[in-house]
Amino acid sequence: MKLGITGSPTPTVIWTKKGKPIPRARTSNTNDCTTLELLKAHHGDTGNYLVIVENDHGRDFADIPFIIIDKCGPPEGPLEVSDVFADSC
């Protein structure tokens, strides 16, 4: 997630999920941008992430919903098959 930011002096940026630091995340900040990269993201990383941007003149924040799309797992059964015929289904 790349997010544009502005402020003078350059603001500090904190990313959290459920009020806690994100252990597998890599963050980087420049004068006009902050980036959150989830390393080896999986479906359990889905949720709201809070970014807080603050400097001597104020504070702002955004609550950003992340949806992680993962590989499909095997189907859970038992499965019911119906309306299958020799020439169509």
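Only a predicted model underlies this, so the values are computations on that prediction, with no experimental measurement involved. Because only heavy atoms are used, hydrogens play no part in the values below, and waters and symmetry mates are left out as well, while side chains stay in.
Atom CG of L38 and atom CG of D45 lie 5.5 Å apart (nearest 0.5 Å). Rounding to the nearest 0.5 Å places CG of D60 at 10.5 Å from CD1 of I52. Atom CD1 of I67 is separated from atom OG1 of T46 by 7.0 Å, given to the nearest 0.5 angstrom. D32 contributes atom CG, which lies 7.5 Å from atom CD1 of I5 (distance to the nearest 0.5 angstrom). A distance of 8.5 Å separates CG of L50 from CD1 of I64, quoted to the nearest 0.5 Å.
In the displayed structure, L39 atom CG is contacted under 6.0 Å by more than 12 heavy atoms of other residues, nucleotides or ligands. The 12-atom threshold is not exceeded at NE2 of H43, counting heavy atoms of other residues, nucleotides or ligands nearer than 6.0 Å.
Under the 4.5 Å side-chain heavy-atom criterion for Ile, Leu, Val, Met, Phe, Trp and Tyr, M1 and V51 are members of the same hydrophobic cluster. Cluster annotation: I22 and I68 are assigned to the same hydrophobic cluster (Ile/Leu/Val/Met/Phe/Trp/Tyr, side-chain heavy-atom contacts under 4.5 Å, transitive). L3 and I14 are members of different hydrophobic clusters when ILVMFWY side chains are connected at heavy-atom separations under 4.5 Å.
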Worksheet item: Does the pair T27 and E37 meet the rule for a side-chain contact (heavy atoms from CB on, under 4.5 Å), with working shown?
Response: CA-CA 6 Å; T27 60; E37 181 181 0; over 6 Å; no
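When all heavy atoms are compared, the tightest approach of N55 to P11 is CB-CA, 3.9 Å. Between W15 and V13, the shortest heavy-atom contact is NE1-CG1, 3.9 Å. What you find for A25 and L36 is that their closest heavy atoms are CB-CD1, 3.5 Å. Heavy atoms only, all atoms of each residue included: P9 and D56 are closest at CG-OD2, 4.0 Å. The two residues K40 and R24 come nearest to each other via the heavy atoms O-NH1, 3.1 Å.
Counting only distance, with no hydrogens or angles, the side chain of T16 and the backbone of P21 share no donor-acceptor pair below 3.5 Å.
Looking at residues two or more places apart in sequence or on another chain, you find a ring pair (Phe, Tyr, Trp, His ring centres under 6.0 Å) between F66 and Y49. N48 pairs by the side chain to side chain donor-acceptor pair (under 3.5 Å) definition with D63, not counting sequence neighbours.
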